[in-house]
Amino acid sequence: MEIERWERSEEISDAEKKVIQETWSRVYANCEDVGVSILIRFFVNFPSAKQYFSQFKHMKDPLEMEGSLQLRKHARRVMGAINTVVENLDDSEKVSSVLALVGKAHALKHKVEPIYFKKLTGVMLEVIAEEFADDFTPEAHGAWTKMRSLIYTHVTAAYKESRRDPQT
């Protein structure tokens, strides 16, 4: 499948993979709290994204969102998927497989517009850069920008595949 040039992810070098994994190890140590921070900022900045979550689409107050068990559960799920990708950056088939599952679930079951992945990964970078400023060097920012592109490219490729395959 041909992917538009602007949707291709750049190759992540071995040095960048190491930077991503080192940064992520500190982020993932606070997995749930960081995940909740990412989702709250995502929903505050892009309230239309809440339409896909019946359990907390009515919530407007970030403190109420923070206390939501469903939001916390989804935050753990998101962080777990990213963790699997980070842990397997040297295994492109595993990365593709994990992100294809995420893409297919969100395309077919949840009917989420793919642009929300670009928005969510952008928010993820903002939160990580703020909460882990000492670790988020310009080198780390560059590596994570490639990681963001990798996530978005693989997830949206799954959307395109699911739209072509009438059997799914």
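Since the model is a prediction, treat every value here as computed from it, not as a measurement.
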Problem - Residue pair L39, M65: steps toward the side-chain contact (heavy atoms from CB on, under 4.5 Å) verdict - result: CA-CA 9 Å; L39 288 183; M65 285 186 239; over 6 Å; no

Exercise for the section: Report the distance from atom CD of Q70 to atom CZ of F53, rounding to the nearest 0.5 Å. Expected result: 11.5 Å

Exercise for the section: Determine, using the 4.5 Å side-chain heavy-atom cutoff (strictly less than), whether M124 and Y52 are members of one ILVMFWY cluster. Expected result: yes

Exercise for the section: Indicate whether any N or O donor in one side chain lies under 3.5 Å from an N or O acceptor in the other, for T84 and E87. Expected result: no

Problem - Shortest non-hydrogen contact between H58 and Q55, atoms and distance - result: CE1-O, 3.2 Å

Problem - Aromatic plane relationship, W24 with W144 - under 30° parallel, 30 to 60° tilted, over 60° perpendicular - result: tilted

Exercise for the section: Report the distance from atom CE of M59 to atom OG of S68, rounding to the nearest 0.5 Å. Expected result: 4.0 Å

Handout entry: Nearest-0.5 Å distance, CD1 of residue I115 to OG1 of residue T156
Key = 9.5 Å

Practice task
For R148 and L125, indicate whether the former's side chain and the latter's backbone hold a donor-acceptor pair under 3.5 Å.
Solution key: no

Problem - Salt bridge flag under 4.0 Å for residues E131 and R26 - result: no

Exercise for the section: Would you kindly check if the NZ (Lys) or CZ (Arg) of K50 is within the cone defined by 45 degrees around the ring axis of F43 and under 6.0 Å from the six-membered ring centre? Expected result: no

Exercise for the section: Measure the acute angle between the ring planes of F46 and F42, then classify it against the limits of 30° and 60° as parallel, tilted or perpendicular. Expected result: tilted

Problem - Interatomic distance, S25 atom OG to D135 atom CG [nearest 0.5 angstrom] - result: 8.0 Å

Exercise for the section: State, to 0.1 Å, how close R41 and E126 come at their nearest heavy-atom pair, and which atoms those are. Expected result: NH1-OE1, 3.3 Å

Practice task
Consider only side-chain heavy atoms of I, L, V, M, F, W and Y, link residues closer than 4.5 Å, and tell whether V27 and I40 are in one cluster.
Solution key: yes

Problem - NZ-CD distance between K17 and Q21, expressed to the nearest 0.5 angstrom - result: 8.5 Å

Fill in the blank from the handout: Taking every heavy atom of G35 against every heavy atom of A75, the minimum-distance pair comes out as C-CB, 3.5 Å

Handout entry: Min side-chain heavy-atom separation V98-N88 under 4.5 Å
Key = no

Practice task
Keeping the roles fixed (side chain from K146, backbone from E11), state whether a donor-acceptor pair exists under 3.5 Å.
Solution key: yes

Exercise for the section: Can you see which heavy atom on A129 is nearest to which on F136, and at what distance? Expected result: CB-CD2, 3.3 Å

Exercise for the section: Verify, without hydrogens or angle tests, whether N30 (side chain) and D33 (backbone) share a donor-acceptor contact under 3.5 angstrom. Expected result: no

Fill in the blank from the handout: Nearest heavy-atom contact between V155 and V102 is CG2-CG1, 4.3 Å

Exercise for the section: Begin with the C-alpha distance, continue with both residues' side-chain angles, and end with the deciding distance and a verdict on side-chain contact (heavy atoms from CB on, under 4.5 Å) for E32 and R72. Expected result: CA-CA 7 Å; E32 186 172 326; R72 289 189 165 278; 2.7 Å; yes

Practice task
Can you measure from CD1 (I20) to OG1 (T145) and round to the nearest 0.5 angstrom?
Solution key: 9.0 Å

Problem - CA sep, side-chain torsions, deciding dist, call: E16, M147, side-chain contact (heavy atoms from CB on, under 4.5 Å) - result: CA-CA 9 Å; E16 290 167 329; M147 175 72 165; over 6 Å; no

Handout entry: Heavy-atom side-chain proximity of F132 to V34 below 4.5 angstrom
Key = yes

Practice task
Give the minimum heavy-atom separation between A140 and T23, together with the two atoms involved.
Solution key: CB-OG1, 4.2 Å

Problem - Contact check, side chains of V78 and I38, non-hydrogen atoms, under 4.5 Å - result: no

Handout entry: Backbone N/O of L150 and side chain of H154: donor-acceptor pair under 3.5 Å
Key = yes

Exercise for the section: Mind running side-chain contact (heavy atoms from CB on, under 4.5 Å) on Y28 and C31 for me, showing each step along the way? Expected result: CA-CA 4 Å; Y28 200 65; C31 161; 3.6 Å; yes

Practice task
Answer yes or no for K119 and Y116: cation-pi contact, defined as NZ/CZ to six-membered ring centre under 6.0 Å and angle to ring axis within 45°.
Solution key: yes

